[in-house]
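Here's the structure, in structure tokens; my notes come after.
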Number of protein chains: 2
Amino acid sequence: MENIYTDLKILLTDYLTTQKLRKTDERYAILEQICLFPSHFDICMLYDRLKETNFRVSKATLYNTLDILIAADLIVKHQFTAKSIQYELKAMAETHSHLICSMCGAVREIRDSSLKRDIKNMKISRFTPMFHTLYIYGMCSKCKYKLQKNNKGNTKQ
Amino acid sequence: MENIYTDLKILLTDYLTTQKLRKTDERYAILEQICLFPSHFDICMLYDRLKETNFRVSKATLYNTLDILIAADLIVKHQFTAKSIQYELKAMAETHSHLICSMCGAVREIRDSSLKRDIKNMKISRFTPMFHTLYIYGMCSKCKYKLQKNNKGNTKQ
DNA sequence: ATGTATGCAAACCATTTGCAATGAC
DNA sequence: GTCATTGCAAATGGTTTGCATACAT
């Protein structure tokens with residue numbers, strides 16, 4: 001599982017080299033921590049995680065580094081909700097779509113290989129697709145259950 | 001074209017009535033202006049538009065009202081980019097997906113009825129889908145052209 | 001030695017909140 | 001008359017920026 005970092009480390013080094021950017025400890029430490037997240041994460045989660053493991057990195061550096069990782073095509077940015085941006089390893093994001101509960105904000109992933117294929121095969125003029133996100137908004141079973149329970153009280157609507 | 005407002009006005013009235021919310025002039029004026037936008041809009045655009053037409057409405061009321069319109073299922077929220085949220089009439093959003101240029105941020109719409117159907121037919125356990133968004137990120141032809149032109153200078157990479 | 005990267009703190013800005021005044025019911 | 005709604009201004013909080021210091025090259 002951790003060996004995804006082994007691969008991405010090489011890609012990062014390649015990118016930093018061709019772009020003439022510096023190979024700092026912070027950049028590798030950040031990528032390493034990102035590889036340990038099971039899926040999405042936000043800046044705060046990453047910040048806290050780094051603080052309690054290797055070494056603390058400033059927020060400014062985090063934002064800067066995440067932009068580099070996006071440019072290097074290693075991670076992607078999600079905006080499921082207005083509050084706080086979420087990130088994810090691109091390699092992981094490619095394998096699933098997202099179910100987002102409009103009530104509680106919970107995000108779940110689902111595999112949908114056939115749909116992915118259809119999207120990839122779409123013919124689009126004057127546009128070169130690189131990456132896509134499919135967000136399906138709705139209600140998770142927990143919230144639906146809560147809602148039904150609440151509605152039992154007012155049967156006359 | 002404007003008669004979409006005629007329809008939505010009725011739906012809004014229904015919603016406000018069942019939810020025991022007040023039918024204020026502001027709420028109808030806001031919905032009316034929204035119906036005049038050809039597609040996406042943000043709070044600022046709506047605020048300016050209202051100021052130069054009917055009457056000025058405060059930002060606080062705008063945010064409040066948009067939340068009601070979302071709850072009433074008349075509009076949807078988009079987060080194409082981190083900066084500023086965009087909104088769109090739900091009836092319009094259902095007809096297309098979005099192409100977003102990662103370089104210049106331009107958003108274009110494309111119709112994709114077969115894909116929409118596939119997504120609707122997906123079987124998802126423990127989740128009730130209400131609405132979905134497909135964002136395809138990539139490069140628009142203008143930016144691609146610019147990039148190619150720039151790269152001609154440095155052939156040695 | 002040079003100039004990029006980092007950390008800190010201040011700035012920014014869209015959105016939210018608190019509260020007094022207004023107006024729908 | 002009551003209480004939801006509005007407008008205003010202040011607060012919030014995630015993200016960005018400016019600048020002095022640190023360090024990769």
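Chain letters run A, B, ... following the sequence lines, proteins first and then strands; every chain starts at 1. Predicted model, so just to flag it, every value in this text is computed and none were measured.
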Query raised in the report: Which residue lies toward the 5' end of DNA chain C, A:Val57 or B:Lys59, if each is placed at its nearest nucleotide?
Result: A:Val57
Query raised in the report: Quick check: are there more than 12 heavy atoms from other residues, nucleotides or ligands sitting under 6.0 Å from NZ of A:Lys9?
Result: no
Query raised in the report: Just wondering, are more than 12 heavy atoms of other shown residues or ligands nearer than 6.0 Å to NZ in B:Lys144?
Result: no
Got [X] and [Y] here, is their nearest side-chain heavy-atom distance under 4.5 Å?
| X | Y | value |
| --- | --- | --- |
| B:Leu50 | B:Ile30 | yes |
| A:Thr133 | A:Val76 | no |
| A:Lys116 | A:Ser97 | yes |

Requested in this report: Treat primed atoms plus P, OP1 and OP2 as sugar-phosphate and everything else as base, then score nucleotides 8-13 of chain C 5' to 3': B for base contact with protein heavy atoms under 4.0 Å, S for sugar-phosphate contact only, - for none.
Outcome: B-----
Report task. Can you check each nucleotide of nucleotides 19-25 of chain D against protein heavy atoms at under 4.0 Å and return B for base, S for sugar-phosphate only, - for none, in 5' to 3' order? Result -> ----BBS
Report the distance from atom [atom1] of [X] to atom [atom2] of [N], rounded to the nearest whole Å.
| X | N | atom1 | atom2 | answer |
| --- | --- | --- | --- | --- |
| B:Ile68 | C:dT16 | CD1 | P | 14 Å |
| B:Asp67 | D:dT6 | CG | C1' | 15 Å |
| B:Met45 | C:dA14 | CE | P | 14 Å |
| B:Leu46 | C:dA14 | CG | C1' | 15 Å |

Would one find a side-chain N or O of [X] under 4.0 angstrom from OP1 or OP2 of [N]?
| X | N | value |
| --- | --- | --- |
| A:Tyr63 | D:dT16 | no |
| B:Asn64 | D:dT5 | no |
| B:Arg27 | C:dA24 | no |

Query raised in the report: So, is the end of the B:Arg49 side chain (NZ or CZ) under 6.0 Å from the ring centre of B:Phe37 and within 45° of the ring's axis?
Result: yes
**Report entry** Same cluster (ILVMFWY, side-chain, under 4.5 Å), A:Ile136 and A:Met92
**Finding:** no
Requested in this report: Assess the side chains of B:Thr13 and B:Tyr28: does a donor N or O sit below 3.5 Å from an acceptor N or O?
Outcome: yes
Query raised in the report: Which residue pairs satisfy the ring pair (Phe, Tyr, Trp, His ring centres under 6.0 Å) criterion with at least one member in residues 92-133 of chain B, sequence neighbours excluded?
Result: B:His40-B:His98, B:His78-B:His98, B:Phe80-B:His98, B:His96-B:His98, B:His98-B:Tyr135
